[in-house]
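Below you'll find the structure, written out as structure tokens, and then a few comments.
This one's a predicted model, so the numbers in the text were calculated from it and none came from an experiment. So you know, we letter chains A, B, ... as the sequences are listed, proteins then strands, and number each from 1.
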Amino acid sequence: MEVIKLAGKYVAEETELKWQGRWAGQGSFKCLADDPRPKFYCLEMFPYPSGRIHMGHVRNYAIGDVIARYKRMRGFSVLHPMGWDSFGLPAENAAIKQGAHPAQWTSENIAYMRKQLARLGLSYDWSREVTTCLPEYYRWNQWFFIKMFERGVAYRKSSFVNWCPSCLTVLANEQVIDGMCWRCDSQVVQKELEQWFLRITQYQDELLKDLETLKGWPENVTLMQKNWIGRSEGVEARFRVDGTGDEIVIFTTRADTLFGAEFVCIAPGHHVAETFQMDAGALNQVKERYGKLDEKHGLFTGRYAVNPVNGKKIPIYIANFVLMEYGTGAIMSVPAHDQRDYEFAAKYGLPVKTVVVSADGPAAPEGKAFEEDGMLVDSGEFTGLKSADARNKIAAWLQQKGLGRKVVNYRLRDWGISRQRYWGTPIPVIYCPGCGAVAVPEDQLPVRLPTDVKFTGKGGSPLAESPSFVNTSCPKCGGPARRETDTMDTFMDSSWYYVRYCSTKDEYALDKNNIKRFMPVDQYVGGVEHAVLHLLYSRFFMRIIRDLGISDVSEPFSSLLTQGMVCMETLKCPEHGWLYPSEAKGGVCAHCGKPVEKGRTEKMSKSKRNIVDPDHLISNYGADTARLFSLFAAPPEKDLEWSEKGVDGSYRFIQRLWNLVFSNIEKLNSVKGFSPEAITPVVRKTHQTIMRVTRDIERDYHFNTAIAAMMELVNAIQAEFASGKEDLKDVRFALEKTLLLLSPFCPHAASELWEALGNGDIQTQKWPEYDAEAAKEEEIELVIQINGKVRSKIMVAAGTPDEKLKELALADSKTAEATAGKGIKNVFVVRGRLVNIVVK
RNA sequence: GCGAGAGUGGCGGAACUGGCAGACGCGCUGGACUUAGGAUCCAGUGGGGAAACCUGUAGGGGUUCAAAUCCCCUCUCUCGCACCA
């Protein structure tokens with residue numbers, strides 16, 4: 001090893017394995033709850049164990065690891081755990097395809113990926129590892145479910161659900177994207193099933209309001225949650241159905257347009273629709289187009305509704321664009337002031353009555369509804385009021401007459417958690433013919449997944465196929481009973497795992513003291529794709545945990561960093577389609593020799609084949625390079641474009657530093673223990689670099705500029721050596737500080753070089769301090785502008801007063817040249833930087 | 001359609017509260033050392049020009065002594081929501 005080093009060749013693997021072995025052996029990253037130092041909880045979103053990590057993981061975990069290591073050096077007791085979000089469909093699909101049991105498939109994947117993470121040198125406390133598919137974890141999912149069931153937060157109802165005919169399961173609304181399954185892109189259909197729901201809507205106001213307290217979250221994420229919750233204030237108004245005793249309750253946010261209602265539209269599933277005698281075929285047509293975006297379809301019911309404000313009889317339509325799930329499933333249609341109603345009225349030849357006019361601004365363009373607020377006309381006693389005022393007065397009027405009331409509506413719906421799948425947490429409920437749905441008693445938890453299940457992939461819940469699982473006795477009356485055979489949405493698992501990490505594997509899962517010690521998470525790092533799903537469910541769960549008296553915390557994640565995607569150029573062969581980079585060497589297709597077309601840069605994905613395998617990357621360059629490049633190529637929140645050449649650059653930087661140390665190792669070690677005697681340029685640069693790196697990390701983790709600063713310093717050190725006039729004490733000082741700064745980014749190389757300088761373990765070192773005085777330049781370059789254009793630059797002593805700067809600038813020969821014959825109108829001085837002379 | 005964000009060299013990206021545009025890296029050009037170089041080191045590198053100098057941060061206008069940064073308009077791209085009444 002020594003020989004290799006002296007030959008000036010940086011060999012990453014050897015060094016990295018050495019340090020990884022040492023850290024593991026010493027338990028370097030164990031976090032103890034009774035540590036007297038202040039805590040810092042640094043968390044990255046745990047992965048689904050799909051088999052191998054991808055570059056997105058590398059980036060995510062590199063970011064988190066730098067933060068964890070930096071905070072350790074800053075004197076925090078850092079909790080930095082890792083685990084596995086290990087329930088879910090792929091394991092089951094693999095079982096159907098390959099016959100391996102999901103448990104086996106999953107644990108093999110975990111074993112492999114754990115090694116991959118270790119190979120990256122990530123500083124995790126593995127004694128807290130969480131694996132959600134293990135009974136010791138998922139029993140707590142069941143426990144939470146029971147607690148929610150007892151409190152009425154978990155409940156059962158029959159409802160139309162989003163059904164993916166390919167995955168053969170129910171999807172949450174959040175998992176339906178443009179009418180397609182989020183996982184397999186199949187068209188989602190509606191199916192009626194008995195389902196378990198969690199009453200997240202009970203917390204909707206709080207979840208909305210507390211978004212304001214999340215100062216450490218990116219605004220776009222809180223905004224997405226806000227829109228998702230979708231609070232809107234309006235009124236419900238009751239429209240009597242003429243000739244029957246029925247009523248249709250509509251919801252509107254525009255009570256000011258009530259006098260302009262020309263018809264009423266109800267959703268195809270609305271209960272009043274069933275009372276009407278209608279052509280079944282025509283009704284079915286509307287139903288088929290329900291929720292489809294293309295065109296509006298309606299069916300006149302032959303009935304009329306009575307507008308409560310003016311007694312006007314208006315036709316009732318069943319319309320495909322009215323959603324059953326939102327509001328009351330019925331609307332009043334005001335074609336003059338709502339674009340959708342306008343289009344509907346145009347299609348079916350219905351009247352358009354204007355009741356709001358613009359006070360001063362422009363009227364609506366021809367063929368469009370006027371949707372702005374304005375002043376009321378033709379609205380009885382409310383005529384002449386402004387919209388906002390009218391909304392209040394009309395609402396009050398309705399309320400007083402018992403014809404309506406003010407309401408607040410939410411877009412958010414309760415969370416359906418039932419899944420007709422095997423590889424998830426069994427829902428701990430027993431159905432007894434006498435007692436109904438009964439929760440499994442706590443002391444009988446966990447309800448384990450049975451192992452005698454066949455994976456056919458055909459319909460229904462696999463658990464129903466296991467008689468030993470299904471048949472049981474009622475916990476209440478002891479009579480024969482059946483178990484619930486659905487399993488839970490896997491988002492349950494990830495909604496509270498961060499709480500589980502607060503205790504080690506051996507400790508009680510919900511230890512209050514541990515949770516108090518570590519919660520909330522100080523820094524959470526993950527992909528923006530979880531902006532609503534996982535992050536909203538977690539916020540909901542934390543409140544459940546709070547209300548169960550386990551914690552005082554409401555918000556689980558104080559600060560959130562959403563890292564950008566890892567992208568790469570796509571390559572395409574006209575004949576063979578997408579190509580891996582290795583199939584396109586030399587710009588031609590490896591299969592047919594045709595020139596390769598370069599496509600646009602897109603998120604790395606297997607289907608587009610624009611991927612880099614972390615294993616290859618690490619075996620070619622090492623973990624330090626992989627980490628360094630993922631942090632250097634872009635700031636964390638932005639997308640990162642992967643570039644092989646860029647990786648070379650990062651590798652070369654480490655190598656340069658490495659060579660700098662080892663080719664001067666004896667000289668450097670001859671001054672061990674000495675400090676610089678004066679503030680020489682390289683010493684000053686060192687202080688400046690510490691300042692910059694610290695600032696860049698503290699300011700939203702701008703690692704890319706922090707790394708750039710370190711590169712500058714290394715370049716400066718190199719120049720010192722190259723000059724042949726280096727002061728050994730100074731360069732040793734500079735190198736040591738560089739290694740300390742670099743150690744969170746490239747921990748292995750930094751450790752090795754630190755040790756080579758005779759310094760022991762860098763892990764135990766503090767983050768370096770800088771001396772602001774020493775960082776100050778003695779001389780500054782004063783920029784002299786004439787009329788805003790740079791005309792000259794002169795060196796002046798730092799701290800020169802403004803008056804003197806002005807004098808110097810005016811005395812400058814180039815200034816004289818440029819101002820010759822022109823009168824000086826004004827002179828502006830920017831302290832210590834610039835003088836701008838304004839001439840005629 | 002609504003909402004959010006972004007547009008800077010050949011490329012990824014810098015530029016703190018308006019004050020030298022292009023840090024750092026890649027690429028490229030020239031040179032050194034070499035049997036060799038896709039290694040390493042040195043120098044150069046926004047565009048135009050021999051030079052002084054001119055010009056330049058998507059496009060157009062404005063504020064200012066001074067604008068990538070602030071204001072208005074236009075264009076393009078990315079993301080989120082999308083018949084939510």
Side-chain angles (χ1 to χ4, degrees), chain A residues 8-9 177-178 218-221 223-224 226-228 230-232 234 250-254 257 265 290-296 319-323 325-334 337-341 343-344 409-413 528-529 531-532 564-565 567 569 600-601 628-629 632-635 637-650 652-653 655-656 659 692 695-696 699 702 704-712 714-715 718-719 722 781-793 825-839:
Chain A
K9 196 73 193 156
I177 293 147
D178 290 333
E219 229 174 283
N220 62 330
V221 174
L223 188 67
M224 277 162 76
K226 187 181 167 197
N227 292 339
W228 193 263
R231 182 180 197 273
S232 78
I250 61 100
F251 172 74
T252 181
T253 54
R254 292 295 306 271
T257 65
C265 287
Y290 175 70
K292 295 228 173 116
L293 277 164
D294 44 4
E295 210 185 331
K296 292 176 178 48
N320 73 323
F321 72 95
V322 178
L323 303 175
E325 300 82 16
Y326 184 77
T328 58
I331 59 167
M332 65 162 185
S333 286
V334 186
H337 305 294
D338 184 289
Q339 188 58 27
R340 295 157 298 182
D341 296 342
E343 286 166 21
F344 193 89
N409 243 314
Y410 293 85
R411 214 185 80 109
L412 183 72
R413 273 162 259 161
V528 73
E529 65 271 21
V532 271
M565 299 180 299
C567 301
E569 186 178 68
R600 38 185 292 174
T601 296
L628 190 66
F629 179 72
F632 177 59
E637 71 280 2
K638 285 182 69 174
D639 287 352
L640 178 153
E641 188 179 329
W642 197 265
S643 129
E644 194 73 16
K645 292 290 184 187
V647 176
D648 283 334
S650 293
R652 280 204 285 268
F653 167 68
Q655 183 170 256
R656 217 160 51 235
N659 291 343
R692 275 176 68 187
R695 186 199 64 196
D696 288 348
R699 184 163 50 90
H702 278 185
N704 56 331
T705 50
I707 293 168
M710 291 187 257
M711 286 174 166
E712 277 188 55
V714 171
N715 290 345
Q718 188 163 14
E781 191 182 47
L782 183 71
V783 173
I784 301 171
Q785 294 183 333
I786 312 292
N787 284 346
K789 297 203 171 176
V790 181
R791 282 292 177 262
S792 181
K793 293 175 184 181
K825 260 167 61 179
N826 210 342
V827 179
F828 294 85
V829 180
V830 181
R831 255 199 83 83
R833 278 190 181 178
L834 175 145
V835 176
N836 188 14
I837 302 163
V838 184
V839 297

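Across every strand in view, B:C2 sits in a pair with B:G80 that passes the Watson-Crick or G-U test at under 3.5 angstrom. Figure legend. B:A67 is base-paired to no nucleotide; pairs are counted as Watson-Crick or G-U wobble with both atom distances under 3.5 Å. Across all strands shown, B:A14 remains unpaired; no Watson-Crick or G-U wobble contact has both distances below 3.5 Å. Partner assigned to B:U57 is none, using Watson-Crick or G-U wobble distances below 3.5 angstrom. If you check B:C28 for Watson-Crick or wobble pairing at under 3.5 angstrom, you find it paired to B:G44. Taking a pair to require two hydrogen-bonding distances under 3.5 Å in either a Watson-Crick or a G-U wobble arrangement, B:C75 pairs with B:G7. A 3.5 Å limit on both hydrogen-bonding distances identifies no Watson-Crick or G-U partner for B:G38.
Of all heavy-atom pairs spanning A:P635 and A:N704, the tightest one is CD-ND2, 3.4 Å. A:T257 and A:M332 get closest at one heavy-atom pair: OG1-CE, 3.6 Å.
As rounded to the nearest Å, B:C54 and B:G37 have P atoms that lie 44 Å from one another. Here the separation of B:C73 from B:G22, taken at their C1' atoms, is 28 Å to the nearest Å. Rounded to the nearest Å, the gap between the C1' atom of B:U74 and that of B:A82 is 26 Å. B:A67 and B:C77 have their C1' atoms separated by 24 Å, given to the nearest Å. Annotation: B:A32 and B:U8 have their C1' atoms spaced 35 Å apart (nearest Å). If you take atom P in B:G31 and the same atom in B:C20, they sit 36 Å apart, rounded to whole Å. Using atom P as the reference point in both B:C24 and B:C75, the two lie 39 Å apart (nearest Å). Separating the P atom of B:G10 from that of B:U64 is a span of 33 Å, rounded to the nearest Å.
Nearest to the side chain of A:S232, among B:G13, B:A82, B:A85, sits B:A85. Proximity note for A:A633 (side chain, C-beta onward) versus B:U40, B:G12, B:G27: the nearest is B:G12. Nearest nucleotide to the side chain of A:M224, out of B:U40, B:A85, B:G80: B:G80.
Formation of a donor-acceptor pair under 3.5 Å by the A:D639 side chain with backbone atoms of A:M565 is found in this model. A side-chain donor-acceptor contact under 3.5 Å links A:N787 to the backbone of A:V839. Remark: the backbone N or O of A:S232 is not paired with any side-chain donor or acceptor of A:N409 at under 3.5 angstrom.
Taking atom CZ on A:R656 and atom P on B:C41, their separation rounds to 6 Å, with Å as the unit. Across the protein-nucleic acid pair, A:M711 atom CE and B:A14 atom C1' stand 13 Å apart, rounded to whole Å. Between A:R413 atom CZ and B:C81 atom C1' there is a gap of 13 Å when expressed in whole angstrom units. Following rounding to the nearest Å, A:D648 (CG) and B:G12 (P) show an atom-to-atom distance of 18 Å. Spacing between atom CD of A:E644 and atom P of B:G38 amounts to 17 Å, rounded to whole angstrom units. A straight line from CH2 of A:W228 to C1' of B:C81 spans 8 Å, rounded to a whole angstrom. A straight line from CD1 of A:I786 to C1' of B:C53 spans 15 Å, rounded to a whole angstrom. Rounded to a whole Å, the CZ atom of A:F344 is 18 Å from the P atom of B:A85.
Atom CG of A:N836 sits about 7.5 Å away from atom CD1 of A:I786, to the nearest 0.5 Å. With values rounded to the nearest 0.5 angstrom, A:R656 atom CZ is found 5.0 Å from A:N715 atom CG.
Between A:Q339 and B:A85 there is no side-chain polar atom (N or O) within less than 4.0 angstrom of OP1 or OP2. Under 4.0 angstrom from either OP1 or OP2 of B:C81 there lies no side-chain N or O belonging to A:R411. A sub-4.0 Å separation between OP1 or OP2 of B:U55 and a side-chain N or O of A:K789 is present.
Here A:A708 pairs with A:F632 under the side-chain contact (heavy atoms from CB on, under 4.5 Å) rule; sequence neighbours left out.
Both A:V322 and A:R791 lie near RNA chain B, and the one whose nearest nucleotide falls closer to the 5' end is A:R791. In terms of position along RNA chain B, the nucleotide closest to A:N715 lies nearer the 5' end than the nucleotide closest to the other residue of the pair A:G327 and A:N715.
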(request) Any chance you could list the contact pattern along nucleotides 16-23 of chain B? Use B for base contacts, S for sugar-phosphate-only contacts and - for none, protein heavy atoms under 4.0 Å, 5' to 3'. (result) B--BB--B
(request) Could you run through nucleotides 1-6 of chain B and give me one letter per nucleotide, 5' to 3': B if any protein heavy atom sits under 4.0 Å from the base, S if only the sugar-phosphate is that close, - if neither? (result) --SS--
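Using a 3.5 Å distance cut-off with no hydrogens or angles, the side chains of A:R411 and A:N227 do not pair a donor with an acceptor.
Ring orientation note: the planes of A:F321 and A:F344 are tilted relative to one another, at an angle of 30° to 60°.
B:G27 has its base anti relative to the sugar, with a glycosidic angle deviating from 0 by more than 90°.
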(message) The test is side chain to side chain contact (heavy atoms under 4.5 Å, CB included); show your working for A:R833 and A:V783 and say whether it passes.
(response) CA-CA 6 Å; A:R833 278 190 181 178; A:V783 173; over 6 Å; no
